[in-house]
Amino acid sequence: MDSGEKSLAALKLALGEQKALALLKLHLLQLNDLLNLARPMGETLIDRIADSITTTYHYLNMAEIHLVLDRGASGYYGQVMMCNMATVMRWFAEYDQERTEQVVERNLAAHERIKMGYEDKPRLSETKLRDILKKS
């Protein structure tokens, strides 16, 4: 999330769509090797999954994509009997939900810190009003 890497959308702009897709496909090919399935994903399936990821999860960066695929390969999202588009996209949906919850929690915590910091201090308009009343 905060790795400092460019999102898929930014990679597409910087490198061009074909190179960005090629990077994603390399990760999917690595997944294919890691899973060592009797029926590995074919080129057409890898192309479709890569297109779907770049369309649906364009805001993710390559570190996040690598994390999702590594988690999937290691069984984090459940045992992998076969790898198809539905399986891989479910992994991304689960990660996206987790990511969204973390972002919301972090934003709420930041809001509370800001709120706590300002509760002790009078508002600028209150300070000006007190100064005016003191002068009168």
Side-chain angles (χ1 to χ4, degrees):
M1 210 168 0
D2 294 330
S3 69
E5 288 193 32
K6 293 180 179 181
S7 68
L8 283 174
L11 277 176
K12 281 170 70 173
L13 288 173
L15 302 175
E17 187 171 1
Q18 294 305 314
K19 285 184 181 178
L21 277 171
L23 281 173
L24 184 52
K25 289 175 188 178
L26 284 173
H27 282 281
L28 291 168
L29 286 169
Q30 182 182 25
L31 173 69
N32 229 5
D33 290 341
L34 288 172
L35 292 175
N36 196 26
L37 297 171
R39 287 192 57 208
M41 295 184 290
E43 187 178 342
T44 303
L45 180 56
I46 288 173
D47 289 345
R48 291 203 53 217
I49 293 172
D51 286 338
S52 187
I53 291 169
T54 56
T55 301
T56 308
Y57 301 105
H58 56 88
Y59 46 86
L60 298 180
N61 62 45
M62 292 309 286
E64 290 176 294
I65 289 165
H66 185 74
L67 174 67
V68 172
L69 297 176
D70 272 359
R71 282 179 168 184
S74 67
Y76 182 89
Y77 300 112
Q79 189 174 5
V80 181
M81 298 300 209
M82 61 184 282
C83 194
N84 56 28
M85 189 163 180
T87 301
V88 175
M89 295 311 290
R90 180 178 49 80
W91 297 346
F92 277 91
E94 286 184 33
Y95 173 77
D96 192 50
Q97 180 64 38
E98 176 187 341
R99 181 184 195 268
T100 300
E101 289 169 5
Q102 288 176 358
V103 168
V104 168
E105 286 176 22
R106 187 174 45 203
N107 287 343
L108 287 173
H111 174 74
E112 285 301 314
R113 283 193 305 275
I114 291 169
K115 186 176 161 187
M116 297 293 279
Y118 285 114
E119 284 180 357
D120 298 339
K121 300 174 188 170
R123 291 185 209 136
L124 185 58
S125 58
E126 291 173 354
T127 307
K128 286 183 179 179
L129 181 60
R130 282 189 196 130
D131 290 343
I132 292 169
L133 290 174
K134 284 180 186 176
K135 291 179 184 176
S136 323

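Values reported hereafter were calculated over all heavy atoms of this structure, with side chains retained and with hydrogens, waters and symmetry mates removed.
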Exercise for the section: Mark yes or no for whether E64, through its side chain, and N61, through its backbone, hold a donor-acceptor pair below 3.5 Å. Expected result: yes

Problem - Single-linkage hydrophobic cluster Y57~L13, side-chain heavy atoms < 4.5 angstrom - result: no

Handout entry: Verify same cluster id: L34, M41 (apolar side-chain graph, 4.5 Å)
Key = no

Exercise for the section: Return the set of residues passing side-chain contact (heavy atoms from CB on, under 4.5 Å) with A10 (not counting sequence neighbours), or none when no residue passes. Expected result: K6, S7

Atom pairs and distances, side-chain donor-acceptor, residues 18-29, under 3.5 Å, sequence neighbours left out:
unit_1	atom_1	unit_2	atom_2	d
K25	NZ	D47	OD1	3.0
H27	ND1	H66	ND1	3.4

Once you round to the nearest 0.5 Å, how far does [atom1] of [X] lie from [atom2] of [Y]?
| X | Y | atom1 | atom2 | result |
| --- | --- | --- | --- | --- |
| L8 | M62 | CG | CE | 6.5 Å |
| L67 | R99 | CG | CZ | 11.0 Å |
| I65 | Y95 | CD1 | OH | 9.5 Å |
| L60 | D96 | CG | CG | 6.5 Å |

Exercise for the section: Taking the side chain as every heavy atom from C-beta outward, state whether C83 and V88 have any pair of such atoms under 4.5 Å apart. Expected result: yes

Problem - Pairwise salt bridge (Lys or Arg N to Asp or Glu O under 4.0 Å) hits with a residue in residues 48-57, at least two apart - result: none

Practice task
Could you name each residue pair satisfying salt bridge (Lys or Arg N to Asp or Glu O under 4.0 Å) that touches residues 74-84, not counting sequence neighbours?
Solution key: none

Can you give each donor-acceptor pair under 3.5 Å made by side-chain atoms of residues 74-82, sequence neighbours left out, with the distance rounded to 0.1 Å?
unit_1	atom_1	unit_2	atom_2	d
S74	OG	D70	O	3.2
S74	OG	R71	O	3.0
Y77	OH	R71	NH1	3.4

Handout entry: Sole residue of I49, T55, T56 in side-chain contact (heavy atoms from CB on, under 4.5 Å) with S52
Key = T56

Practice task
Using the test side chain to side chain donor-acceptor pair (under 3.5 Å), find all partners of E105 that sit at least two apart in sequence or belong to another chain.
Solution key: none

Problem - Any residue meeting side chain to side chain donor-acceptor pair (under 3.5 Å) with T87, in chain and number order, not counting sequence neighbours - result: N84

Handout entry: Nearest atoms (heavy-atom pairs only) where L31 meets A73
Key = CD1-CB, 3.7 Å

Exercise for the section: Quick one: which residue pairs count as a side-chain hydrogen bond (donor to acceptor under 3.5 Å, both in side chains) with a foot in residues 30-44, not counting sequence neighbours? Expected result: none

Practice task
Using the test salt bridge (Lys or Arg N to Asp or Glu O under 4.0 Å), find all partners of E94 that sit at least two apart in sequence or belong to another chain.
Solution key: R90

